[in-house]
Amino acid sequence: MTHPVRVRFAPSPTGDPHVGNIRTAVFTWLFARHHGGAFVVRVEDTDRARSVQGAVEAILQSLRWLGLNWDEGPDIGGPFAPYVQSQRLDLYRQAAHDLIGSGDAYKCYCSPQRLADLRQRQTRQNRDTGYDRRCRDLDAPPMPEDASQTPVVRFRMPQDGSTAVDDLIRGRVTFENRLAEDFVLLKSDGYPTYHLANVVDDHSMRISHVLRAEEWLPSTPRHTHIYKALGWTPPKFAHLPIILAQDRSKLSKRHGAASFLEYPRQGYLPDAMLNFLTLLGWSLDDKTEILSRKELVHHFTIDRVNRSASIFNRDKLLWTNGSYLRSMTPEALADALLEYWRAYPTPQIPNTPRRGLLARIAPLIAERIKTLDQAAPLIHFFFRDEIDYETEDLIQKGMDRAVTCTALERTLELMTAAQPFDADTLEAALRPLAKELGLKPGQLFGSIRVAASGLRVAPPLFESLEILGRERALSSIGKAVERLRSPAVDSPPGR
RNA sequence: GGCCCCAUCGUCUAGAGGACUAGGACGGCGGCCUUUCAAGCCGCAAACACGGAUUCGAAUUCCGUUGGGGCCA
C-alpha cells in the first residue's frame with residue numbers, strides 16, 4: 001500500500017461540541033477504521049480570541065464516550081507531535097517565510113483602518129469587496145507612517161483562469177480565480193490563519209484524506225494553491241454534508257444547539273448514538289436501520305455519503321435508542337443503568353441498587369424506556385421503603401372508597417395465602433377476585449398497582465409484586481388500606 | 001449582494017433511463033393485543049419543487065427558474 005490512509009478530526013476549541021461537529025468526527029473515524037488507517041485528533045487553536053477554556057476536554061470526552069478512539073492526539077502524542085497548533089507556530093512561520101521567498105506570498109503593510117476604508121468605498125460604489133492587492137508588487141516597504149506596525153503575510157493568488165477541486169462527494173467543483181482574493185496566511189500577531197496552519201499540518205502529518213464539513217468547500221481552492229506553491233501533493237478532499245437545526249439553519253450555540261455532552265446525560269447509549277449519527281447522511285441500503293459498531297465500520301464508504309444537508313431528528317434518535325435498550329440482556333441493561341446513575345446520580349434512587357436485583361427488574365422496563373433517565377421514575381419504588389402518592393389514586397374509575405378498601409383487604413388475604421409468591425400464582429388468585437367483587441380486572445389491578453408502587457403507570461403488576469416480595473408487598477398494600485379507612489384525615493376537597 | 005453547494009413523503013432515506021402503482025424507517029392516524037404504560041403485529045394518509053430539452057421512454061441526463069443552505073462580506 002503506497003498511500004496509507006491517515007485522516008484527522010481537527011476541532012477548534014471554541015466551545016462545547018454539538019452534534020454537527022461530532023458527526024464529522026464519526027464519519028472520519030468510520031473512514032479510518034474501514035480502511036485500517038490512522039485516526040488523528042488535532043487541536044486547531046490558532047484563533048486566540050475565540051479559544052475557550054475546557055473546550056478541548058469536552059471534545060475529547062465526547063469522542064471517548066462515543067467510542068471513537070484515536071491513534072494520535074494532543075493527549076497521547078504520536079509520531080508527528082505536538083497535535084496542538086499553538087505549539088507548532090514555528091512550522092507555520094517557516095512555511096510563510098518559504099512562500100515569501102518563492103514569491104508566492106508577500107508582506108502586506110496595509111492597516112486595518114485602510115482595509116476598513118477600502119471596504120466601505122467598495123460597498124458604496126457597489127463593487128465587489130476584498131483586498132485590492134496594493135502591497136502585492138511593492139518593491140520596498142512603505143514609509144513607516146503609512147504602515148501598520150507588523151505586516152501580515154498574504155498569499156499571491158492567480159488572477160485569471162480557474163481552480164478545480166475534485167471532491168470525493170461532490171465531484172469537480174470549479175472556482176474563478178478572478179474572484180479569489182489575496183488572503184492572509186500569517187496574521188500580524190504572528191499566528192497563522194486556518195488556511196496556512198491547516199495545510200502545513202495536514203501535509204506534515206501525512207494526512208491522506210481530508211474529511212471536513214461542507215462549509216470549508218469555498219476555501220479549498222486557497223488550500224490547493226498553498227499545497228502547489230509549497231510543492232506538496234494535496235490530500236483528497238471530501239466535504240461532508242452538514243446537519244441543520246430544526247429551522248434549517250446551521251447548528252450553532254446561538255440557536256440553542258445543545259452541547260453534545262447533554263446526550264450522555266440524558267441517557268442515550270453510545271452505540272445507539274453512533275448508529276443514529278451515521279444514518280444521518282449515510283445509508284447502507286433501502287431498509288437497514290440498526291447496525292452494530294462493527295457493521296458500521298465494515299460497510300461505511302464515502303461513496304454512500306449523501307450530498308445534501310440533513311435535519312437532526314430527535315424522535316428517530318429516541319426510537320433508535322429505545323431499540324438498543326430493548327435488545328440488551330437484563331444484565332447489560334442493569335450495568336448500563338448502574339453506570340448511568342453513577343455518572344449522573346438521581347435523588348429518586350439514593351442508594352445504589354444491587355446488580356442482581358436490578359437485572360431482575362430490567363426486563364420489566366426495557367421496552368418501556370427510550371433513554372436511561374426514564375428508568376428511575378418507573379422503578380424507584382423497588383428501592384424505597386416509603387412510597388408517595390395521592391390516596392385518591394387508589395380509587396379507580398367506577399369505584400368508591402369503600403369498594404376499594406374492601407378490594408385491597410381481600411387482596412391482602414389472598415396475597416398472604418399465595419404459595420409460592422410469584423407472578424403466575426398471584427395472577428391466578430387475583431383475577432377471580434375481580435370477578436367476585438364485580439370489578440373489571442383493570443379496576444382491581446389499578447388499585448393494587450398504586451398501592452404497591454405509588455404509580456398509576458408502572459411496570460407489569462404481577463412481576464413487580466413478585467420481585468418486591470411478599471413482605472414488602474403486604475406492607476405497602478396494608479398501608480393503603482389504612483389510608484382508605486381514615487377518610488377524614490387526608491384528601492381535602494380542594495386539592 | 002457575489003461565489004459555491006444542495007433539492008424524493010413533516011423528518012431520515014432507497015432509487016444511478018424502462019423492474020416505480022416511487023420502497024423502507026421515524027413521527028402521525030386507525031385497528032388488534034392488553035391489568036396501566038409500553039413493546040409487538042396489521043393497516044391508512046403522506047414525496048419525485050417548477051418549466052423546458054434530450055429520449056420510444058426520465059425521480060434518474062442537460063439547461064433554466066424557484067427554494068433551501070454554506071462561504072465571503
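A, B, ... follow the sequence lines: proteins, then strands. Residue 1 opens every chain.
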S.K.: Can you tell me if Ser310(A) touches the phosphate of U13(B), counting only side-chain N or O atoms and a distance under 4.0 Å to OP1 or OP2?
M.R.: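 For Ser310(A), the contact criterion (side-chain N or O under 4.0 Å from OP1 or OP2 of U13(B)) is met.
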S.K.: Please tell me if Arg304(A) has a side-chain N or O lying less than 4.0 Å from either OP1 or OP2 of G15(B).
M.R.: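 Answer yes for this pair, as a side-chain N or O of Arg304(A) is under 4.0 Å from OP1 or OP2.
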S.K.: Any N or O donor-acceptor pair linking the side chain of Arg368(A) to the base of C37(B) at under 3.5 Å?
M.R.: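 Checked by distance alone, the answer is yes.
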S.K.: Report which part of the nucleic acid Phe462(A) touches: base, sugar-phosphate, or nothing (heavy-atom distance under 4.0 Å, all strands).
M.R.: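 Base, at least one base atom sits under 4.0 Å.
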S.K.: Would you measure the distance from the P atom in C9(B) across to the matching atom in C50(B) and give it in whole Å?
M.R.: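 About 10 Å, rounded to a whole number of Å.
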S.K.: Classify Lys397(A) by what it touches in the nucleic acid, base, sugar-phosphate, or nothing, heavy-atom distance under 4.0 Å.
M.R.: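 Since no nucleic acid heavy atom lies under 4.0 Å of Lys397(A), the category is nothing.
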S.K.: Look at the rings of Phe312(A) and Tyr263(A) and say which category their plane angle falls in: under 30° parallel, 30 to 60° tilted, over 60° perpendicular.
M.R.: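 Phe312(A) vs Tyr263(A) ring planes: tilted.
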S.K.: Please give the distance between the P atoms of G17(B) and U60(B) as a whole number of Å.
M.R.: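 Between the two P atoms, the distance is 12 Å.
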S.K.: Now, which nucleotide makes the Watson-Crick or G-U wobble pair with U66(B), with each of the two distances under 3.5 Å?
M.R.: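 U66(B) is paired, partner A7(B).
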S.K.: Expressed as a whole number of angstroms, how long is the span from Leu217(A):CG to C72(B):C1'?
M.R.: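 About 13 Å, once rounded to whole Å.
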S.K.: Please determine whether a side-chain nitrogen or oxygen atom of Arg314(A) lies at a distance below 4.0 Å from atom OP1 or OP2 of U11(B).
M.R.: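 No, because none of the side-chain N or O atoms of Arg314(A) sits under 4.0 Å from OP1 or OP2 of U11(B).
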S.K.: Out of U11(B), G24(B), C5(B), which nucleotide sits closest to the side chain of Glu289(A)?
M.R.: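 The nucleotide sitting nearest to the side chain is G24(B).
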S.K.: For U35(B), take OP1 and OP2 only and decide whether either is under 4.0 Å from a side-chain N or O of Arg431(A).
M.R.: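 Affirmative; the distance criterion is met.
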S.K.: Could you work out the separation of G31(B) and G67(B) based on their P atoms and round it to a whole Å?
M.R.: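 One P to the other, the span is 42 Å.
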S.K.: Pick base, sugar-phosphate or nothing for Gly442(A), based on heavy-atom distances below 4.0 Å to the nucleic acid.
M.R.: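 Since only primed, P, OP1 and OP2 atoms lie under 4.0 Å of Gly442(A), the category is sugar-phosphate.
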S.K.: Heavy atoms only, 4.0 Å cut-off, all strands: where does Lys316(A) land among base, sugar-phosphate and nothing?
M.R.: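 Since a base atom lies under 4.0 Å of Lys316(A), the category is base.
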S.K.: Would you call the rings of Phe183(A) and His195(A) parallel, tilted or perpendicular if under 30° counts as parallel and over 60° as perpendicular?
M.R.: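 It falls in the perpendicular class, over 60°.
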S.K.: With both distances kept under 3.5 Å, what pairs with C29(B), Watson-Crick or G-U wobble?
M.R.: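 The answer is G43(B), by the H-bond criterion.
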S.K.: For the ring pair Phe462(A) and Phe445(A), is the centre-to-centre distance below 6.0 Å?
M.R.: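 When the ring centroids of Phe462(A) and Phe445(A) are compared, they turn out to be within the sub-6.0 Å range.
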S.K.: Taking only the side-chain heavy atoms of Asn313(A) (C-beta and beyond), determine which of C71(B), U36(B), C26(B) contains the nearest atom.
M.R.: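 For Asn313(A), the side-chain atoms sit closest to C26(B).
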S.K.: Are the aromatic ring centres of Phe27(A) and Phe31(A) under 6.0 angstrom apart?
M.R.: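 That pair fails the under 6.0 Å test.
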